[in-house]
Amino acid sequence: SADTKKREPTVKEFSNFLQFLEDPKGQQEFFHRTVFTTYDKNLSGYIEPEELDNFLEVFYQAGSIFAGDVRLPKQSKLKRQVMKQLDTNNDGKLQFSELRTLISGGARAGLTFTEEDYQDSDQEQASSSPKKGTSRSAPLKRRGDVTRKRSDREDKENGNSKSSGFGASAGA
């Protein structure tokens with residue numbers, strides 16, 4: 001908090017921190033907490049709705065590995081589902097433990113969406129929209145999966161089936 005005095009860590013605290021970073025799980029934990037803190041602009045210890053907008057924007061930026069992924073719902077729908085499904089104490093903001101699953105892998109957060117969540121507002125009004133109530137999981141691609149959309153489509157056309165789950169590689 002803002003009224004906490006800044007102090008240097010003790011030798012023991014620093015030694016414990018170095019040990020923590022030597023462990024791969026510690027490295028991952030440090031990375032996840034760093035990502036969380038990056039978006040917690042007011043350092044409240046929570047990702048509040050405005051901060052969540054900034055966090056989710058990363059998925060939609062033109063240079064993002066997720067940009068154009070058909071499995072990525074509209075940002076407003078993603079935000080609504082994140083708050084609905086991850087804000088377990090319903091306080092309108094996300095603490096680290098609530099956002100951890102999304103930071104660590106997206107689809108593992110267990111977020112689910114209806115077909116309507118993937119449509120633009122023009123498509124929502126189209127008569128050819130999918131039936132309401134159908135849902136699908138929305139796994140997001142990792143960096144190594146950037147060619148997945150084309151290869152998945154080609155596999156379907158050729159009658160091959162591959163896993164489309166999160167973390168499956170393009171050559172699997």
Side-chain angles (χ1 to χ4, degrees), residues 1-2 20 24-126 129-150 152-153 162-170 172:
S1 78
F20 178 74
K25 288 183 180 182
Q27 293 168 7
Q28 184 179 42
E29 177 77 9
F30 179 75
F31 175 74
H32 292 162
R33 289 188 179 273
T34 301
V35 169
F36 182 88
T37 302
T38 299
Y39 290 95
D40 180 16
K41 294 295 184 190
N42 64 5
L43 301 176
S44 66
Y46 298 94
I47 299 296
E48 296 164 16
E50 311 79 39
E51 295 166 330
L52 182 59
D53 288 332
N54 292 332
F55 175 79
L56 295 176
E57 182 61 33
V58 169
F59 296 106
Y60 296 89
Q61 292 173 347
S64 168
I65 62 170
F66 305 106
D69 190 320
V70 296
R71 297 171 290 182
L72 191 63
K74 293 185 296 181
Q75 187 171 348
S76 61
K77 301 280 185 162
L78 179 57
K79 180 181 180 181
R80 194 167 26 257
Q81 286 302 94
V82 165
M83 292 305 295
K84 180 180 175 182
Q85 296 179 28
L86 300 183
D87 182 17
T88 56
N89 63 2
N90 297 313
D91 63 356
K93 53 192 177 184
L94 298 168
Q95 55 196 7
F96 177 74
S97 62
E98 293 171 320
L99 195 60
R100 170 185 266 147
T101 54
L102 187 60
I103 292 172
S104 67
R108 293 184 190 142
L111 299 175
T112 56
F113 303 93
T114 65
E115 291 295 327
E116 293 170 340
D117 295 335
Y118 296 93
Q119 300 172 348
D120 293 328
S121 44
D122 293 341
Q123 291 175 325
E124 286 178 2
Q125 298 170 5
S129 64
K131 292 180 182 177
K132 292 184 180 191
T134 58
S135 65
R136 64 178 172 182
S137 180
L140 302 180
K141 297 187 298 182
R142 290 187 178 185
R143 185 172 307 280
D145 295 340
V146 292
T147 59
R148 291 268 323 264
K149 284 187 285 186
R150 178 180 292 148
D152 285 350
R153 186 172 43 248
K162 287 188 178 181
S163 170
S164 61
F166 181 73
S169 66

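Quantities reported herein were computed from a predicted structural model and do not represent experimental measurements.
From Lys74, atom NZ reaches atom CD of Gln81 across 12.5 Å, with rounding to the nearest 0.5 Å. Atom NZ of Lys93 and atom CD of Glu50 lie 11.0 Å apart (nearest 0.5 Å). Between the CD atom of Glu98 and the OG1 atom of Thr88 there is a distance of 4.0 Å, given to the nearest 0.5 Å. Interatomic distance, CG of Leu102 versus CG of Leu78, reported as 7.0 Å (0.5 Å rounding). Distance check, rounded to the nearest 0.5 Å: CD of Gln27 to CZ of Phe20 gives 9.5 Å. Atom CD1 of residue Ile47 and atom CD of residue Gln95 lie 11.5 Å apart, to the nearest 0.5 angstrom.
Residues satisfying the side-chain hydrogen bond (donor to acceptor under 3.5 Å, both in side chains) criterion with Asn54, sequence neighbours excluded, are absent altogether. Residues forming a ring-ring contact (aromatic ring centres under 6.0 Å, His included) with Phe31 (at least two apart in sequence, or on another chain): none. Listed by chain and number, the residues in a side-chain hydrogen bond (donor to acceptor under 3.5 Å, both in side chains) with Ser44 are Asp40, Asn42, Glu48 (sequence neighbours excluded). A search for side chain to side chain contact (heavy atoms under 4.5 Å, CB included) contacts involving Thr34 returns Phe30, Thr38, not counting sequence neighbours. A search for side chain to side chain contact (heavy atoms under 4.5 Å, CB included) contacts involving Gln75 returns Leu56, Glu57, Tyr60, not counting sequence neighbours.
Using a 4.0 Å cut-off between charged side-chain N and carboxylate O, Glu29 and Arg33 make a salt bridge.
A donor-acceptor pair is defined here as one N or O able to donate and one able to accept, closer than 3.5 Å; no such pair exists between the side chain of Gln28 and the backbone of Ser104.
Across all non-hydrogen atoms, the minimal contact from Phe66 to Leu72 is O-CD2, 3.9 Å. The shortest heavy-atom contact between Ala67 and Ala62 is CB-O, 3.7 Å. Heavy atoms only, all atoms of each residue included: Phe59 and Ser64 are closest at O-OG, 3.4 Å.
Of the residues listed (Phe96, Tyr46, Phe55), the one engaging Tyr39 in a ring pair (Phe, Tyr, Trp, His ring centres under 6.0 Å) is Phe55, and it is the only one.
Counting only residues at least two apart or in different chains, ring-ring contact (aromatic ring centres under 6.0 Å, His included) contacts with residues 68-88 are absent.
Using a 4.5 Å cut-off on side-chain heavy atoms (C-beta onward), Thr37 and Leu43 make contact. Within the 4.5 Å cutoff, no side-chain heavy atoms of Glu51 are placed close to those of Leu94.
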